[in-house]
Amino acid sequence: MLADIDMEVAATRGLTGRDALDARVMQAMRKVPRDKFVPRDLQRFAFDNGPLPIGHQQTISQPFIVALMTDLLEPEENKTVLEIGTGSGYQAAVLAQLFRKVYTVEFIRALSEQAAKRFRELRYDNIECRTGNGYLGWPEHAPYDGIIVTAAATHIPEALVQQLKPGGRLVLPVGLPFAHQELLLEKDLQGDTQVTDILGVAFVPMIAEEEAVGR
Ligand code: SAH
């Protein structure tokens with residue numbers, strides 16, 4: 001899996017501007033057992049560099065994308081990060097190797113509870129999760145050094161920009177279905193924001209704001 005990630009990093013270097021990912025990110029990818037986050041009947045694909053279904057019409061993301069988005073957050077041991085879209089919990093587990101504290105929000109209760117159980121069993125003690133509407137972020141623990149959204153939104157959610165620290169980074173796929181662009185939003189120390197396109201990606205859609213509020 002690690003070699004496949006390296007190959008895809010090399011193949012996309014013209015777009016991402018990266019020849020290699022941070023060695024600490026690759027170390028975290030090596031350490032977290034992806035098979036523990038993949039359904040039992042798909043175990044044989046657990047270390048392939050592809051997304052896999054996890055039920056509820058959701059997917060665990062492709063390892064290359066997990067690694068790239070983690071790298072874009074510029075992890076440090078003293079930083080906190082918010083993830084929107086816990087899903088299987090795999091991305092959160094990778095972040096937990098590199099950040100002091102990971103907060104993660106999932107809309108679908110069954111997925112959130114299953115991920116919480118995994119975190120307990122695997123002793124990822126620095127992850128806190130809750131069921132909720134990720135469009136609203138998690139204001140109680142804000143501001144965050146980094147925010148990552150692992151479902152595609154139609155626009156950059158304002159609440160997430162507000163909950164980002166000055167100097168922080170927000171990484172998210174945005175766009176129309178099947179035409180998402182991975183974006184990096186950087187907030188400078190004055191609070192001004194700058195958005196950079198990174199790479200075309202395919203993500204499951206973020207459950208719409210109105211729909212999420214109504215459920
Ligand atoms: N990061 C996950 C992949 C998640 S797939 C992993 O590592 O496995 C996207 C997830 O986002 C799904 O579980 C989906 O239920 C969740 N999601 C979609 N819309 C959301 C919303 N509005 N708020 C919170 N979570 C949402």
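Counting starts at 1 for both ligands and their atoms, following the listed order. Here, residue 1 is the first one in the sequence, and each next residue gets the next number.
- Enclosure of atom CZ in R109 is not indicated, since only 12 or fewer non-hydrogen atoms of other residues, nucleotides or ligands lie within 6.0 angstrom.
- Distances below 4.0 Å separate heavy atoms of I60 from the following atoms of ligand 1: 8 (O).
- Between S88 and ligand 1, at least one N/O pair is under 3.5 Å apart.
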- request: Just do the side chain to side chain donor-acceptor pair (under 3.5 Å) check on T104 and E83 with the steps written out, would you?
  value: CA-CA 5 Å; T104 180; E83 179 195 25; 2.8 Å; yes

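- Ligand 1 has at least one atom lying under 4.0 Å from a heavy atom of T86.
- The part of E83 lying near ligand 1 is the side chain, judged by heavy-atom distances below 4.0 Å.
- Checked against a 3.5 angstrom limit, the closest N/O atoms of Q91 and ligand 1 fall inside it.
- Ring centroids of H180 and F203 are separated by 6.0 Å or more, keeping the two rings apart.
- The backbone and the side chain of M206 each have at least one atom closer than 4.0 Å to an atom of ligand 1 (non-hydrogen atoms only).
- In terms of N/O distances under 3.5 Å, ligand 1 is approached by I207.
- On a distance-only criterion, G85 and ligand 1 share at least one N/O pair closer than 3.5 Å.
- Looking at ligand 1, you'll find an N or O of F107 within less than 3.5 Å of one of its N or O atoms.
- Atoms of ligand 1 lying under 4.0 Å from at least one heavy atom of G134, given by number and element, are 21 (C), 22 (N), 23 (N), 24 (C).
- By the 6.0 Å and 45° rule, R34 stacks over the aromatic ring of Y90.
- The minimum heavy-atom distance linking Q43 with D35 is given by the pair NE2-O, 2.9 Å.
- Dense packing is recorded around NZ of K101, with more than 12 heavy atoms of other residues, nucleotides or ligands lying under 6.0 Å away.
- Using a 4.0 Å heavy-atom cutoff, G132 is listed among the residues neighbouring ligand 1.
- At a heavy-atom distance under 4.0 Å, only side-chain atoms of V204, from C-beta outward, approach ligand 1.
- In this structure, D48 contributes its side chain and G50 its backbone to no donor-acceptor pair below 3.5 Å.
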